[in-house]
Amino acid sequence: MDETRHERIRAAVAAIPEGRVATYGDVAAEVGETSARLVGRVLREDGSDLPWHRVLRADGSSAPQILDEQHARLRAEGVEIRDGRVVLANHRVASGWIS
DNA sequence: GCGGTGACAATGC
DNA sequence: GGCATTGCCACCG
């Protein structure tokens, strides 16, 4: 595949099923050629057309800048949120959800 | 080429 | 569970 990291990250995020979430580290692991920081950068740059709200931090929290929309969209999809943190144990996608 | 910065992660206290 | 430190990669002045 001649896709760049940017495209791979977008594909991985777009492959997250509705009602499920993934951490930046999980997305980076699926891409396998990038780091968690790269994922955040791509989502900020070109996440407008992606389910970026399904991507969370390793502890289930998220950045304050996007937290309000993150919170609203996830609940709309049926994702449980506990004290500002998503319940990863019940909504985290399995490793290799793309393949 | 260098230092600073950021939608992060892992570890230690 | 929360805060501080370190490491990571790409972009900007």
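By convention in this document, chain letters (A, B, ...) are assigned in the order of the sequence lines, proteins followed by strands, and residues within each chain are numbered from 1.
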Taking [atom1] from [X] and [atom2] from [N], how many angstroms apart are they, rounded to a whole number?
| X | N | atom1 | atom2 | value |
| --- | --- | --- | --- | --- |
| A:R92 | B:dA9 | CZ | C1' | 11 Å |
| A:L43 | B:dG6 | CG | P | 17 Å |
| A:D26 | B:dA9 | CG | P | 9 Å |
| A:R73 | B:dA7 | CZ | P | 18 Å |
| A:E45 | B:dA7 | CD | P | 13 Å |
| A:R44 | C:dC12 | CZ | P | 10 Å |
| A:Q65 | B:dT5 | CD | P | 16 Å |
| A:L88 | C:dG1 | CG | P | 11 Å |

The side chain of [X] lies closest to which of these nucleotides: [options]?
| X | options | answer |
| --- | --- | --- |
| A:L38 | C:dA10, B:dA7, B:dA10 | C:dA10 |
| A:R41 | B:dG6, B:dA7, C:dC9 | B:dG6 |
| A:A58 | B:dA7, C:dG2, B:dA10 | B:dA10 |
| A:R5 | C:dA10, B:dA9, B:dA7 | C:dA10 |
| A:T23 | B:dA9, C:dG1, C:dC9 | B:dA9 |
| A:W52 | B:dA7, C:dC11, C:dG2 | B:dA7 |
| A:A36 | B:dA9, C:dC11, C:dG2 | B:dA9 |

With both distances kept under 3.5 Å, what pairs with C:dT5, Watson-Crick or G-U wobble?
->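 In the structure as shown, C:dT5 has B:dA10 as its Watson-Crick or wobble partner.
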Under a 3.5 Å limit for both distances, which nucleotide forms a Watson-Crick or G-U wobble pair with C:dC12, could you say?
->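 Answer to the pairing question: B:dG3, which forms a Watson-Crick or G-U pair with C:dC12.
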Salt bridge A:E77-A:R54, side-chain N to carboxylate O under 4.0 Å |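 Judged by the 4.0 Å cut-off on N to carboxylate O distance, A:E77 and A:R54 do form a salt bridge.
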Inspect the contact between A:D83 and A:R85 and indicate whether a charged nitrogen and a carboxylate oxygen are less than 4.0 angstrom apart.
->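 A salt bridge links A:R85 with A:D83.
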Pairwise P distance, B:dG12 and C:dC8 [rounded to whole Å] |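 Their P atoms lie roughly 16 Å apart.
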Qualifying residue, where the test is side chain to side chain contact (heavy atoms under 4.5 Å, CB included) with A:Y24 and the options are A:V13, A:L43, A:L38 |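 Passing option: A:L43.
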According to a 4.5 Å side-chain heavy-atom criterion applied to Ile, Leu, Val, Met, Phe, Trp and Tyr, with indirect links allowed, do A:V27 and A:I98 form part of one hydrophobic cluster?
->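 Both belong to a single hydrophobic cluster.
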Looking across every strand, which nucleic acid part, if any, lies under 4.0 Å from A:R57 by heavy atom: base, sugar-phosphate, or nothing?
->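 The answer is sugar-phosphate, as A:R57 gets under 4.0 Å only of primed atoms, P, OP1 or OP2.
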Got more than 12 heavy atoms from elsewhere within 6.0 Å of CG, A:D68?
->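 Yes, the 6.0 Å shell around CG holds more than 12 heavy atoms from other groups.
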